[in-house]
Amino acid sequence: MPRRRERALMVTALGIGLAGMVLVAVAGGATLEAGLTGRPELTVPAIALLWGQLALAALLCHLVLARRHRGADQVLLPLSLGLTGLGVTIIFSLAPGQAQKQVNWLWVSLAVLLLTVTLRGDIDRFRDYRYLFGLLTAVLLLMTMVLGHESHGARLWLKLGPIALQPGELAKVTLVFFLAGYLDSRGDMLVDGGRRVLGIELPDPRYLGPVVLMWGFGMVLLVGLRDLGTALLFFGTFLSMMYAATAQAGYLWLGGAGFAGGLWICSRLFHHVRIRLDMWQNPWPEAQDKGYQIVQGLFAIAAGGVGGVGLGLGGAERIPAATTDYPFAALCEELGLWGAAMAVALFGVWVYRALRLGASHPNRYRALLSTGIGCLMAVQTLVILGGVTKLIPLTGITLPFISYGGSSLVTNYLLLGLLLRCSEGAR
Amino acid sequence: MRLARAIPRLMTLYAAGFAAVVVQVGYWQLVRGNELRANPNNRRSVMNLRRGRILAADGAELAKDARVAGDSNALQPRYQRVYPQGEEYAHLTGYSSVKYRQAGLEAALNRWLLGLEARPPEPRNLQQVLDRLARGPVRIGCDVTLSVIPAVQDSARRALDRRDGAIVALDVRTGAVLAMVDWPTYDPNRIDDDWTRLQTSAKPLLARAYQEYYPPGSVFKPVTAATALDTGSAAPETSFDCQGTKVLAHTRVKCFNLNGHGPLTLFDGVAKSCNIVLAETALRIGPLKFENSVAGTGLGEAPRLFRPGADPGGVVKGGAFPRGDKLTPAELAACGYGQGGLQVTPLYVATEGQMLGNGGVAMAPWLVSRITGPDGAVLYQHPAESGRQAFSAATAAEVLKMMRAVMRPGGTAAHLGLDGVDVCGKTGSAQHETGKPPHSWFLAVAPAEAPRVAVAAVVENGGYGGRVAGPAAMRVLRVALEATR
Ligand SMILES: [Zn+2]
């Protein structure tokens, strides 16, 4: 039977997931008959149902891949499902009612994943539509900017009747397609004529056009969407890919300095950006008001200690937007430093697998696509984890695979599907 | 291939980022952990740690943690604060609530009550070892024992009898608080429900005993007399003349006895509470010496009533009085008999009695006698303190004699007294607002030959001191003397 490694990893991930959910339920006082007073969702049948769905989903994906894509990467799928299982467990502990909804979204996500890996046709053909993807990225974001519905101080949601979508999530995918196609066709040109200043290889000023354009775009996002997270994510991914394609550190230095400068100017001009920065530097005096979320998040992290208070025993549900923006703080509280380090390591392995594919794939377009997906995942994870731990200003973006939310989960599995697709034919 | 060259470096960059996140999590958990767990905004501490108890001197429970009703979670039980004595001890214990955090002693000793200042108990069996590995050290709050004696506290509550004001009883020899009540007050069990109702102009959340200022009126006169003796500005037999009113420092000073006391000594001036004698005495002392001497009694300092740690727990300065250029001759004369810009807390007036009864040595008042860890180990024991020599022993003895005369025929409180005990006292009727009756004050120190207890009582708008605050103070004094025998 092929894909043995995937199967073994999958069983491990599901085993850990089952143990986690049982612990949450036991902590909540669940019995065979009924759950704890006030939390009737925590029953043994409810856990069996949740976990059964995860196991079924894993089995289905594994079988489809074993049949259709024997050569695809065997680590990424168990890793992603393991992270999702961890996410469902945390959501189960924070807000039991949201856990089944998240599993519903997992089903949608897997449908998208399976569609992505089974559809016939050659992924390389997307290269020709690179500018269309660029345009689509801009349109999706501008659409949010103009028609978006404001929530938690950021304009990220688009309401279509009863469904609220985040077009910004889809824009992440189109951005990666655009950048991969653009760098595949123009990458070599961007390298020419570089010179060294103070030991740093600087790009030729003639080719800084795209950098300036993306920088301007990032600033428009920051002002228009009132959202530092999306701007940071898009610009960070762009710079990472520019560097990956050209191996010129100058892009990182110039881009990073440019973004910091732009952020500083925006903080002088716009109140919401200034508040973000102030609450990063010193949230303590505003602990009951503007700094409430970040301070409560830090309390949750501190409560965990090395070993954690135990699954289902944390008090992180009092953090605003705990399941969407702050599952990591809940994880730190319930699983402690070891649990947090393990979760970060899982993300690290995910990014490593994607980037390794990018470094070794003989097909340059697919290599760039894999690199882009890896960079996107790394930047997004670092931006939200850095924000929650107060390393960088806090921004309300999701933690991939773990955060509660449909748009985010579906997008992450779409990216996974693309990566699995790219991984075929790799050395 | 540029990708193959750049990607390893990019991976290193991301790996550094991921490592920084883990290090930062460790920083919050290990380096700043204790501080964040004790942060008053962190409600986990209120819900999930079993707070220590607050006990009276005889071991009676004043505050304890009980399981939240309906909580069946055995692994992470939730607690709520219960105050078995209700409102009687509210301003001694303060409150601890999930919604409104902590106040008073509950705030000042928060870290002890949470057990953060004690070593966590060592795990005893395999179950506890595993628990500790999984969830970190278990914290159990420390018990705080107060110096307050319930019998004295009860008598003070009954003596104040729901009149606005406060009563404080101190052990003269150590400064220990034996009783401290005030009115209006609140029920700390119902703080969450009653919060909005408590935000009234009557200020029931304010601990009048150590957070409110009143003009002291005549209860301050012993301090002026002691200062005069200590500085040599006047002697007990120095003679004065009271005609009812007198112009001093271009201001008309009125004695409460409008017909005038006639010729009298400083000794009689204190015993009969003559304003003109004490005003003239203050002018003889002069502003510099007066200011120094009053500062020496601790008036300008906030006593560290809940002593362990640096948190004052809302205790304010003993009082305020005009200093430097503001202490004009007219102000000095008024301060001499306890009016003008002089403001004091009831706790300060009790301290005044304490230092006169203790040979002039002021012992800063204190409330916490002992803190015991979860394993029964004593983590804090109130130390023997040396106090501060505010007046000479001879001066204190002389002034006590004057206060003894207050309780004898011819004195302002001749109608008060205790059987078989010689009591030193001082009445006060402090003017505070025209058209309202004065605040009624009384300060009592006993027994005269070897004082053990000082009691200060104030009843807002109560009228004449000897008639309202006096009997209340005497009731408390009798019980306190029995309790400290
Ligand atoms: Zn007189």
Side-chain angles (χ1 to χ4, degrees), chain A residues 26-29 36-38 187-188 191 240 243-247 249 252 287-288 295-296 298-310 312-313 315 318 332 336-337 340-341 344-345 347-348 351-352 355-356 358-361 364 367-368 371 375 378-379 381-382 385-386 389-391, chain B residues 1-11 13-49 68-78 98 101 130-137 139:
Chain A
V26 169
L36 168 72
T37 346
D188 291 331
V191 180
S240 299
Y243 174 67
T246 61
L252 287 180
Q288 287 293 339
V295 166
Q296 290 296 327
L298 294 177
F299 287 159
I301 293 173
V306 177
V309 298
L313 297 175
R318 54 174 70 84
C332 289
L337 186 56
V344 170
F347 282 111
V351 171
Y352 169 75
L355 291 183
R356 205 183 69 148
S360 62
H361 208 292
R364 186 170 150 86
L368 278 166
T371 307
C375 291
V379 174
T381 309
L382 286 174
L385 294 191
T389 54
K390 210 167 95 65
L391 274 174
Chain B
M1 196 65 190
R2 288 177 187 279
L3 276 173
R5 186 146 65 91
I7 282 178
R9 292 185 205 159
L10 209 50
M11 277 186 196
L13 186 68
Y14 291 149
F18 284 126
V21 167
V22 175
V23 168
Q24 183 79 348
V25 169
Y27 166 74
W28 292 118
Q29 292 180 327
L30 306 177
V31 181
R32 302 280 300 274
N34 273 351
E35 174 200 334
L36 292 187
R37 276 186 277 270
N39 188 303
N41 286 311
N42 192 346
R43 288 162 189 186
R44 266 173 201 76
S45 56
V46 184
M47 293 297 284
N48 293 135
L49 285 180
V68 170
D71 174 27
S72 61
N73 186 334
L75 283 172
Q76 189 83 322
R78 299 193 155 212
V98 176
R101 306 192 253 159
L130 289 176
D131 271 4
R132 181 157 185 170
L133 282 176
R135 299 162 61 188
R139 296 286 181 178

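To find a chain, count down the sequence lines: A is the first, B the second, and so on, and within it residues start at 1.
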**Study point:** Which atom of A:G386 lies closest to which atom of B:V21, heavy atoms considered
**Key:** N-CG2, 4.2 Å

Review point. A:T389 and B:Y27: side chain to side chain contact (heavy atoms under 4.5 Å, CB included), yes or no, with the steps?
Key: CA-CA 9 Å; A:T389 54; B:Y27 166 74; over 6 Å; no

**Study point:** Heavy-atom closest pair, residues A:A302 and B:G33
**Key:** CB-CA, 4.2 Å

Review point. Is it the side chain or the backbone of B:A19 that comes within 4.5 Å of chain A heavy atoms, both, or neither?
Key: neither

Practice item. Starting from the C-alpha separation in whole Å, work towards a yes-or-no answer on side chain to side chain contact (heavy atoms under 4.5 Å, CB included) for B:Y14 and A:S240. Key: CA-CA 10 Å; B:Y14 291 149; A:S240 299; 2.7 Å; yes

Check your understanding: Among B:L10, B:V22, B:N41, which residue forms the greatest number of heavy-atom pairs with chain A at distances under 4.5 Å?
Key -> B:N41

Point to revise | Pair A:L337-B:L30, side chain to side chain contact (heavy atoms under 4.5 Å, CB included): steps then yes or no | key: CA-CA 9 Å; A:L337 186 56; B:L30 306 177; 4.2 Å; yes

Practice item. Quick one: pull up CZ in B:R32 and CD1 in A:I301 and give me the separation to the nearest 0.5 Å. Key: 12.0 Å

**Study point:** N/O donor-acceptor pair under 3.5 Å between B:Q24 side chain and A:L385 backbone
**Key:** no

Point to revise | Exercise: identify the closest heavy-atom pair between A:A359 and B:A4 | key: O-CB, 3.9 Å

Check your understanding: Looking only at heavy atoms, which two atoms of B:I7 and A:G358 are closest? And how far apart?
Key -> CD1-C, 3.6 Å

Revision key, fill the gap. On a heavy-atom basis, the closest approach of A:A340 and B:V25 is CB-CG1, 4.2 Å

Revision key, fill the gap. dist B:L3:CG -> A:H361:NE2 (nearest 0.5 Å) comes out at 11.5 Å

Revision key, fill the gap. Okay, A:A345 and chain B: the region with an atom under 4.5 Å from a heavy atom over there is neither

